[in-house]
Novice: 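Take this structure first; my questions come after.
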Amino acid sequence: MPVTIVDRTRRVYDRLAGVYPMSTYFFHSRAHRRALEMSGIHDGMRVLEVATGSGEMFRRLVRHNRKGCTIGVDLSPNMAARTHRRIEKEFPGASTLCQAVDARHLPFRDGMFDAVFACYLLELLSCEDIQRTMSEIRRVLRDRGTLTLVLIGQNTKMFNRLYRIGGKVAPAFWGRQVETRVPEMIEAANMRISGEQVVYQTFYPSRVLTARK
Ligand SMILES: C[S@@+](CC[C@H](N)C(=O)[O-])C[C@H]1O[C@@H](n2cnc3c(N)ncnc32)[C@H](O)[C@@H]1O
């Protein structure tokens, strides 16, 4: 079988599972916090996070949704296992689970979730896979359910230049910036944008977008 970019992405994130929390600490935690605030989720909901990575946002969601049910998925088995182990330890008895699943084929029934989160995932998917993933997310959301996305911002020239270099050197890890194209992809997936904000952490720009089914 040919090795695809998705296989390479799985492999690279599998290897980085142990050190990945540092990137949240330095670059992502502020956007995670803002995403939670903007999502409007409340305790007792059914929440899905797609692409949990090493689980920093996922832990935030479980903490916020103690009486609800919080499910996580990630392409990398090591990331998913790490996230699951930590959650079991920190939140014993919580209704939660994190599994290795490809976002392009979500193993959940239609309309099952009140809210879906995906932070820094779309950069790693081809345009076709973004469409497929958006359509899966829409399918598993209930009517009027909310999608919260965090994307890497494209509003800083120097950062964009560095990102392009990173993307050429290690495409399976960095992917490419897609922020400016995502709003139209959300609308093409038949969802309505309800909020957006740019967040900086040191020099790193993120854009938080919320949308409704
Ligand atoms: C840049 S990290 C972001 C992790 C986390 N969401 C965060 O905010 O720090 C991207 C994650 O997406 C996962 N990923 C990439 N492609 C995926 C796919 N097709 N399905 C599910 N997860 C995927 C990777 O394994 C990795 O853990």
Novice: When Ile, Leu, Val, Met, Phe, Trp and Tyr are grouped by side-chain heavy atoms lying under 4.5 Å apart, directly or through other members, which residues fall in the same group as V198?
Specialist: Y200
Novice: Using a 4.5 Å cut-off on heavy atoms from C-beta on, say whether the side chain of C98 contacts that of M79.
Specialist: no
Novice: Who clusters with L36? Use side-chain heavy atoms, under 4.5 angstrom, across I, L, V, M, F, W and Y, and order the result by chain and number.
Specialist: I41, M45, V47, M57, L61, F117
Novice: Determine, for R11 against D14, whether the closest basic-nitrogen to carboxylate-oxygen distance falls under 4.0 angstrom.
Specialist: no
Novice: To the nearest 0.5 Å, tell me how far S76 OG sits from R82 CZ.
Specialist: 10.5 Å
Novice: Using the rule that two of Ile, Leu, Val, Met, Phe, Trp, Tyr join whenever any of their side-chain heavy atoms come within less than 4.5 Å, decide whether W174 and L75 are in one cluster.
Specialist: no
Novice: The criterion is side-chain hydrogen bond (donor to acceptor under 3.5 Å, both in side chains); which residues satisfy it with R60, sequence neighbours excluded?
Specialist: none
Novice: Is the backbone of A17 close enough, under 3.5 Å, to the side chain of N78 for a donor and an acceptor to pair up by distance?
Specialist: no
Novice: Specify the closest pair of heavy atoms between A100 and A80, including all atoms of both residues, with the distance to one decimal.
Specialist: N-CB, 3.6 Å
Novice: Are side-chain N/O atoms of Q201 and S206 paired as donor and acceptor at under 3.5 Å?
Specialist: no
Novice: Residues two or more places apart in sequence or in another chain: which of them pass side-chain hydrogen bond (donor to acceptor under 3.5 Å, both in side chains) with E196?
Specialist: R207
Novice: For R104 and E136, run salt bridge (Lys or Arg N to Asp or Glu O under 4.0 Å): C-alpha distance rounded to whole Å, both residues' side-chain angles, the deciding distance at 0.1 Å, then the answer.
Specialist: CA-CA 7 Å; R104 297 172 300 170; E136 275 295 83; over 6 Å; no
Novice: What heavy-atom pair brings G44 and N65 nearest, and what distance separates the two atoms?
Specialist: N-OD1, 2.9 Å
Novice: May I ask you to decide if L106's main-chain N or O and R139's side chain share a donor-acceptor pair within less than 3.5 Å?
Specialist: yes
Novice: Which pair of heavy atoms, one from S54 and one from T83, lies closest together, and at what distance?
Specialist: C-OG1, 3.2 Å
Novice: Test: side chain to side chain donor-acceptor pair (under 3.5 Å). Region: residues 161-173. Which pairs qualify, not counting sequence neighbours?
Specialist: none
Novice: What pairs of residues pass the salt bridge (charged side-chain N to carboxylate O under 4.0 Å, His left out) test when at least one of them lies in residues 24-36, not counting sequence neighbours?
Specialist: R34-E37
Novice: Taking only residues two or more places apart in sequence or in another chain, which ones pass ring pair (Phe, Tyr, Trp, His ring centres under 6.0 Å) with Y120?
Specialist: H28
Novice: Before accepting this row, confirm whether a basic side-chain N of the pair E128/R132 lies closer than 4.0 Å to the acidic partner's carboxylate O.
Specialist: yes
Novice: Please table the atom pairs, donor to acceptor, closer than 3.5 Å between any side-chain atom in residues 142-152 and protein atoms at least two apart or in another chain.
Specialist:
{"residue": "R142", "atom": "NE", "partner": "D114", "partner atom": "OD1", "Å": "2.7"}

Novice: Do L121 and L16 belong together in a cluster built from hydrophobic side chains that touch within less than 4.5 Å?
Specialist: no
Novice: Can M112 be reached from V73 by stepping across I, L, V, M, F, W or Y side chains whose heavy atoms are under 4.5 Å apart?
Specialist: yes
Novice: To the nearest 0.5 Å, what is the distance between OG1 (T210) and CZ (R192)?
Specialist: 10.0 Å
Novice: Measure the spacing between NZ of K89 and CZ of R86 and express it to the nearest 0.5 Å.
Specialist: 7.5 Å
Novice: Do I193 and M38 land in one hydrophobic cluster if side-chain heavy atoms of ILVMFWY residues count as linked below 4.5 Å?
Specialist: no
Novice: So how far is it from T96 OG1 to E88 CD, rounded to the nearest 0.5 Å?
Specialist: 9.0 Å
Novice: Without swapping roles, check the side chain of D43 against the backbone of R66 for a donor-acceptor pair under 3.5 Å.
Specialist: yes
Novice: Just to verify, what does Y20 make a ring pair (Phe, Tyr, Trp, His ring centres under 6.0 Å) with, not counting sequence neighbours?
Specialist: Y13
Novice: In chain order, what residues pass the ring pair (Phe, Tyr, Trp, His ring centres under 6.0 Å) check against F203, with sequence neighbours excluded?
Specialist: F27
Novice: For the pair E56 (side chain) and Y25 (backbone), establish whether a donor and an acceptor sit closer than 3.5 Å, ignoring hydrogens and angles.
Specialist: no
Novice: Looking only at heavy atoms, what is the nearest atom pair of C127 and M185, with distance?
Specialist: SG-CE, 4.0 Å
Novice: Within the 4.5 Å heavy-atom criterion, are C119 and E49 side-chain neighbours or not?
Specialist: yes
Novice: Are any side-chain N or O atoms of H84 and backbone N or O atoms of L97, one a donor and one an acceptor, separated by less than 3.5 Å?
Specialist: no
Novice: Using the side chain to side chain contact (heavy atoms under 4.5 Å, CB included) rule, pick out the option among R138, M191, R212 that qualifies with I186.
Specialist: M191
Novice: Work out which heavy atom in L124 is nearest to a heavy atom in A172; give both atom names and the distance.
Specialist: CD2-O, 3.8 Å
Novice: Would you say the side-chain atoms of E179 pair up with the backbone N or O of Q154, donor to acceptor, closer than 3.5 Å?
Specialist: yes
Novice: Each residue besides V169 in its hydrophobic cluster should be listed here, by chain and number; the cluster joins Ile, Leu, Val, Met, Phe, Trp and Tyr at side-chain heavy-atom distances under 4.5 Å.
Specialist: I165
Novice: Through direct or indirect side-chain contacts below 4.5 angstrom among Ile, Leu, Val, Met, Phe, Trp and Tyr, which residues connect to F91?
Specialist: F58, V62, I87
Novice: With the 4.5 Å side-chain cut-off for hydrophobic clustering, are V101 and V6 part of the same group?
Specialist: no
Novice: Spell out, as yes or no, whether a donor-acceptor pair under 3.5 Å connects the side chain of T156 to the backbone of F159.
Specialist: no
Novice: Any donor and acceptor pair, going by atom type alone, linking the side chain of T52 with main-chain N or O of D74 inside 3.5 Å?
Specialist: no
